[in-house]
Structures are given as structure tokens and as C-alpha cells.
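Note that these values count all heavy atoms, side chains included, but never hydrogens, waters or copies made by symmetry. Keep in mind that what you see is a predicted model, and the values were worked out from it rather than measured.
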Amino acid sequence: MKINKEKIVVLFSMAINILLMLESSYGLYYYNFPQGLYPFIIPNRVLIINSIIGIVGIYISILQYKGKFGMKKFLCIMAMIWFFAFANYISL
């Protein structure tokens with residue numbers, strides 16, 4: 001069985017985007033409906049933007065998995081998406 005390296009990269013990036021979206025959604029829910037005290041709360045705008053970035057990343061990963069993008073273009077887009085997500089956390 002031949003393993004396509006591009007498919008592995010796409011699935012790995014999709015997993016990262018899913019984790020980004022879930023982590024942001026989880027934080028948004030638990031910060032708005034607190035069940036405990038938090039020493040530091042991330043603003044809602046950052047969590048919403050990161051959730052949207054995660055959804056866009058998942059969509060682009062699906063398109064790449066189907067073969068709609070070139071690999072270089074896909075990697076450039078993913079690098080920009082992850083840079084913006086990281087910059088949202090840094091800009092606090």
C-alpha cells in the first residue's frame with residue numbers, strides 16, 4: 001500500500017485546524033458561562049476570530065484533499081492562517 005505524503009500533510013493540518021476551532025469554541029463557552037474562576041480570560045473577539053480561522057482552515061484542507069489546490073499554494077495559505085491565529089493570541 002502506497003502512502004501519499006501530501007494526504008498525510010493535509011490530514012495533519014486538518015487536525016490542527018479542528019483543534020484550533022474546538023479550543024476556541026470551548027474557551028468561548030466556558031468564559032461566558034463560568035463554573036469557576038479564571039486567572040486570565042481571552043477576549044471573545046479573539047476566540048471568535050480563531051474559530052472562524054479554524055473553520056476556513058478545515059474547508060481549505062478538504063479542498064486540498066480533493067485535489068483542488070497545489071501543495072505549495074496550500075502550504076502558503078496554511079502558514080498564513082496559522083500565523084494570524086497565533087498573532088491573535090500574541091496581540092493580547
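Cluster annotation: Val56 and Leu19 are assigned to distinct hydrophobic clusters (Ile/Leu/Val/Met/Phe/Trp/Tyr, side-chain heavy-atom contacts under 4.5 Å, transitive). Ile18 and Tyr26 fall into different hydrophobic clusters, where Ile, Leu, Val, Met, Phe, Trp and Tyr are joined by side-chain heavy atoms under 4.5 Å apart, directly or via other members. Both Leu63 and Leu20 are members of a single hydrophobic cluster when ILVMFWY side chains are connected at heavy-atom separations under 4.5 Å. By the rule that hydrophobic residues join a cluster once side-chain heavy atoms approach within less than 4.5 Å of another member, Phe84 and Leu22 end up as members of separate clusters. Under a hydrophobic-cluster definition in which Ile, Leu, Val, Met, Phe, Trp and Tyr are linked whenever side-chain heavy atoms come within less than 4.5 Å, directly or via other members, Tyr59 and Ile49 are assigned to the same cluster.
Remark: side-chain polar atoms of Ser24 are not paired, donor with acceptor, to backbone N or O of Met21 under 3.5 angstrom.
Interatomic distance, Leu47 CG to Tyr30 OH, rounded to the nearest 0.5 Å: 14.0 Å. In this structure, CD1 on Ile41 lies 9.0 Å from CG on Asn32, to the nearest 0.5 angstrom. For the atom pair CD (Glu23) and CD1 (Ile16), the distance works out to 13.5 Å, reported to the nearest 0.5 Å.
Judged as a side chain to side chain donor-acceptor pair (under 3.5 Å), and not counting sequence neighbours, Glu6 has no contacts. The side chain to side chain contact (heavy atoms under 4.5 Å, CB included) test applied to Lys66 returns Ile62, Lys68, not counting sequence neighbours.
More than 12 heavy atoms of other residues, nucleotides or ligands lie within 6.0 Å of NZ in Lys7, so this atom counts as buried by the packing criterion. No more than 12 heavy atoms of other residues, nucleotides or ligands shown are found within 6.0 angstrom of OH on Tyr65. Applying the 6.0 Å contact sphere to OH of Tyr31 captures more than 12 heavy atoms from other residues, nucleotides or ligands.
Side-chain contact check for Val9 versus Met71: some heavy-atom pair is nearer than 4.5 Å. Taking the side chain as every heavy atom from C-beta outward, Asn50 and Ile53 approach each other to under 4.5 Å. Residues Asn17 and Trp82 meet the side-chain proximity criterion, which asks for heavy atoms closer than 4.5 Å.
Among all heavy-atom pairs drawn from Ile77 and Ile60, the shortest one is CG2-CD1, 3.5 Å. Between Ser61 and Met78, the shortest heavy-atom contact is OG-CE, 4.2 Å.
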